[in-house]
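Structure first, commentary second.
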Amino acid sequence: MKKIAQAKKVISVRGASQGPLKNVDLEIPLKGLTCFTGRCGGGSRVMAVEVLYAESRRRYMLALTPFERENLGSIGRVDVEHISGLPPAMYFESGGIKRGESLATFLQLEALLAQLWHRNGVCHCLQCKGPCRSFSAAEAAAEAISVFKDEQILIVGPLKWKNETAIESMVHELLRAGFTRVLLGGEIVRMDELDTSAEIFLNAQGLDVVIDRLVPARSSKNRIIEAIGNARAMASGTSLLVGGQRDQRLLLNKQLSCLDCGKSYPDLVPEDFLQDSRREHPLVNLVELAGKRIKDLDEMRLDEVSAFIEGVLGEGERDLGGLRMLKAALDLGLGYLKYGRNTEDLSSGEKQRLIMGSCLGSGLTGILYIFEAPLVGSRGRETQPLLKGLRALVDQGNTVVALEHAAQLREIADEVINFSRGRIEPGEDLNSVITSKPKRQQPGGGASAKLFVQVEGAHNLKRIEVEFPLHRLVCFSGVSGSGKSVLLNGVLLPALKSGGRARKARKGSINISGGEQIRRIVDLQPGQSSRGKLLLVEMGGAEFLAGLFAATAAASQRGYPPEWFQLDVAGGRCTKCEGRGVLHYDLEFLEDISLVCPVCEGRRFRPEILDITHRGQNIHDVLEMTIERASEHFLREQNLRKIFAAATFCGLGKRQLGTSSEHLEKAESLWLRLAVELARVRATDLFILDNPSAGVHPEDLQLLLQILDELVGRGASVLVSEQHPEIISAADWLVEMGPGGGPQGGMVMASGHPREFAKKAD
Ligand SMILES: [Zn+2]
Ligand SMILES: [Zn+2]
């Protein structure tokens, strides 16, 4: 038997030199789980996002739009020699759920539920609570047969008129059209024998014109449909059936109407049941499906919603796939989440599980899934469902690349690729990296100040009474969903911002005392930085720098104002690209593509502005400087030096001043925000950070702790919600929330110095 050499099924990357990458060759197993790891800035994210994901998107775009291919040629290409075996890629940022997206939208349940309520819901009248329905002529005929069966009925057009003077002419018209009888006071009367001046007409609002007399079960369905159609044509969409033993009157209207009192309503469409319907239909919240209104779902848990929908769906409908994402979310242990919950309030661990649920539930195969920090915010056994989910995606026939530093993921990965300084390094034990803890400096003034917080039943928290020191690093810990983020962001942040006054929450009460000396509360949510500005601008150095250039002899001689050395206003910047250095092209299906500006060649400013130099460098040269270099260059400029030194301290020294903040890694965005604060921190500042270790490499945790330590060292108060053991043990004070997640959480289990916790545990 001949040996057949089988090609290894891989994504093969040759000569990747994008960003920090230095001519990297790489093979990633197709239908495998690969872990990219390495220090911040080492190149792992660039390889995953700016090479693999970007190239996949570029190829997809070229396949879609030949016109753009003609026009853009090879521009927008990723800096790589060759990639083969690349599947269509999807990229999920850590916690990357759009703002304001509800659980229902995210799990793609809205359309299904809107259909269900529209199709099967029972609608009730605003006036009399009676059932409301609309009937097509065929539905009305079927209703007639099922209600009256073998009894004789009249099919009547309930004609309404505007004023009584028209009675005679109307009767005349009807007779001419061939109608001969009306129903009057329960009797059938010939129209040509009507005394239209009779008292009975004085208060009548119309005339019940008899269209047909028949026995439904013994008549052809077409005859019934035709009669109902004629009645409706005459009586603006309404038809009345009268008959049976008790002269029952059944109003079957084309338009949505109350079956009891006849009041009509605008017809309901499935869209009326969506959360952002453009119009508010008066009856939407009176439509019941199995006894529930659609808004009642908001208060139900996801597992209850799932059981409810299954009960309502018909036998053959349960496998149609509409519930797959919901089912996957339940499998990932999210059954306790309330359906109406805003995704912004979810913990990062919950967000990750939700993202995983949507990937698994989509049922796609042959995809390259790229996840950034999928285990962020989860620890211990909480990581198990996520790890299983990653494996399940592979089993479905997908390829998974996870940017993750956690040991659990590296252990189960088929391949671990470690990036460092733009190269692939042989593996190393990352857990041994953290050796020493930073030394705590002497805290600033008012070291004995404390904050006292009392919460009673607000924000799903139980009764909480807790006290902790200010001017210290205080850590709120506990399992995912235990309420630590809610306590920090939902309770403390707004309460402190409102000056620490007692607040009545929507439910329950919140009391805070001891925060009087806090002047400024800073919410340092990771990933919250405004995107797409230059680092120089983000750091607040643009005006100082512009002032320096405008003050040079050459600039003042020519009368150039400081604004001309800035990019946010017209004047000195390139008019073609408005100072961006690149031109954006909108593509129909994808994000923009950027080309270097042909006028300024990427230098952002007009040539005469670039003539002005400060200590031998023009404004563009300065934007090209690394922050480290800039802090030496501007050593004598106190304001700039302070800003650049803080950024260098925060690990951004190797970045250029002209780098756009959107090109920062997740951890770097946090460093940037911390650097800005570090440059201006005061002892009256209080910082709140939710899960700051998210996406931070173990080696960089040391840096995070050093920065937090520096803030506290300068007297600030720092509150973090965090479950990373390194941060917990570095904290000056620990508040442990629990005991479980979701409904099992919401209580303070213990509060004190971490050392005392350790003693208690012994
Ligand atoms: Zn009614
Ligand atoms: Zn330009």
Side-chain angles (χ1 to χ4, degrees), residues 40-41 438 441 444 471 473 488-489 493 496-497 518-548 566-568 622-623 625-635 637-696 700-720:
C40 186
Q441 297 180 6
H471 314 291
L473 174 59
L488 264 192
N489 296 312
L493 184 66
L496 285 168
K497 280 196 165 163
I518 301 298
R519 294 272 172 277
R520 199 168 70 98
I521 293 100
V522 185
D523 179 13
L524 285 168
Q525 300 284 7
Q528 230 188 20
S529 74
S530 57
R531 300 217 137 197
K533 283 190 190 160
L534 305 192
L535 292 194
L536 176 72
V537 177
E538 293 267 11
M539 292 188 295
E543 280 179 31
F544 292 128
L545 188 66
L548 278 186
Q566 291 189 57
L567 293 168
D568 51 352
V622 173
L623 290 179
M625 284 181 189
T626 64
I627 294 176
E628 212 167 50
R629 165 105 205 284
S631 63
E632 286 164 24
H633 186 83
F634 294 101
L635 204 57
E637 311 301 331
Q638 204 196 340
N639 289 324
L640 288 176
R641 191 191 61 207
K642 202 169 161 188
I643 292 170
F644 296 155
T648 307
F649 181 86
C650 293
L652 294 169
K654 296 276 186 267
R655 284 292 192 171
Q656 291 168 317
L657 287 175
T659 300
S660 168
S661 61
E662 67 195 335
H663 292 134
L664 295 184
E665 296 186 16
K666 190 176 165 67
E668 286 178 311
S669 303
L670 180 60
W671 303 154
L672 176 61
R673 297 212 61 201
L674 287 167
V676 170
E677 296 305 335
L678 194 54
R680 64 180 177 196
V681 60
R682 290 168 183 273
T684 49
D685 292 346
L686 181 139
F687 297 96
I688 289 184
L689 291 94
D690 190 7
N691 202 11
S693 78
V696 173
D700 292 326
L701 271 183
Q702 182 83 354
L703 174 59
L704 174 62
L705 287 171
Q706 274 167 4
I707 300 171
L708 298 183
D709 205 50
E710 191 67 24
L711 288 171
V712 173
R714 298 190 194 186
S717 310
V718 179
L719 312 183
V720 298

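Since the model is a prediction, treat every value here as computed from it, not as a measurement. Count residues from 1 along the sequence.
- Closest approach of L623 and Q656 over heavy atoms only: O-CB, 3.8 Å.
- The shortest heavy-atom contact between M539 and L672 is CG-CD1, 3.7 Å.
- Closest approach of G658 to L534, counting heavy atoms only: O-CD2, 3.4 Å.
- Counting heavy atoms from C-beta on, the side chains of L664 and L535 come closer than 4.5 Å.
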Stepwise side-chain contact (heavy atoms from CB on, under 4.5 Å) test for I688 and L524: CA-CA 6 Å; I688 289 184; L524 285 168; over 6 Å; no

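- Checking each of L701, D700, I707 against L704 for a side-chain contact (heavy atoms from CB on, under 4.5 Å) leaves exactly one that passes, namely L701.
- A pairwise comparison of heavy atoms in V681 and A716 identifies CG2-CB, 3.6 Å as the closest pair.
- Side-chain contact check for L689 versus L708: some heavy-atom pair is nearer than 4.5 Å.
- Residues that satisfy the salt bridge (Lys or Arg N to Asp or Glu O under 4.0 Å) test with E628, not counting sequence neighbours, are K654.
- Annotation: side chain to side chain donor-acceptor pair (under 3.5 Å) contacts involving residues 679-689, sequence neighbours excluded, comprise R520-D685, E677-R680.
- Between the S661 side chain and the K533 main chain, a donor and an acceptor come within less than 3.5 Å of each other.
- Contact record, L640 with F544: CD2-CB, 3.7 Å, taken as the closest heavy-atom pair.
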Criterion side-chain contact (heavy atoms from CB on, under 4.5 Å) on V720 and F687, from CA distance to verdict: CA-CA 8 Å; V720 298; F687 297 96; over 6 Å; no

Verdict with supporting geometry, L678 and L674, side-chain contact (heavy atoms from CB on, under 4.5 Å): CA-CA 6 Å; L678 194 54; L674 287 167; 5.9 Å; no

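- Partners of F634 according to the ring pair (Phe, Tyr, Trp, His ring centres under 6.0 Å) rule, which considers only residues two or more places apart in sequence or in another chain, are H614.
- By the side chain to side chain contact (heavy atoms under 4.5 Å, CB included) test, A542 is found to be paired with L536, V537, Q566, residues two or more places apart in sequence or in another chain being considered.
- Under the salt bridge (Lys or Arg N to Asp or Glu O under 4.0 Å) criterion, R629 pairs with no residue, sequence neighbours left out.
- Note: L703 CG to F649 CZ = 7.5 Å, rounded to the nearest 0.5 Å.
- Applying the side chain to side chain contact (heavy atoms under 4.5 Å, CB included) test to R641 and every residue at least two apart in sequence or in another chain returns L635, Q638.
- For the residue pair A647 and A675, the shortest heavy atom distance occurs at CA-CB, 3.6 Å.
- Distance CG/L686 to CG/D523: 10.5 Å, rounded to 0.5 Å.
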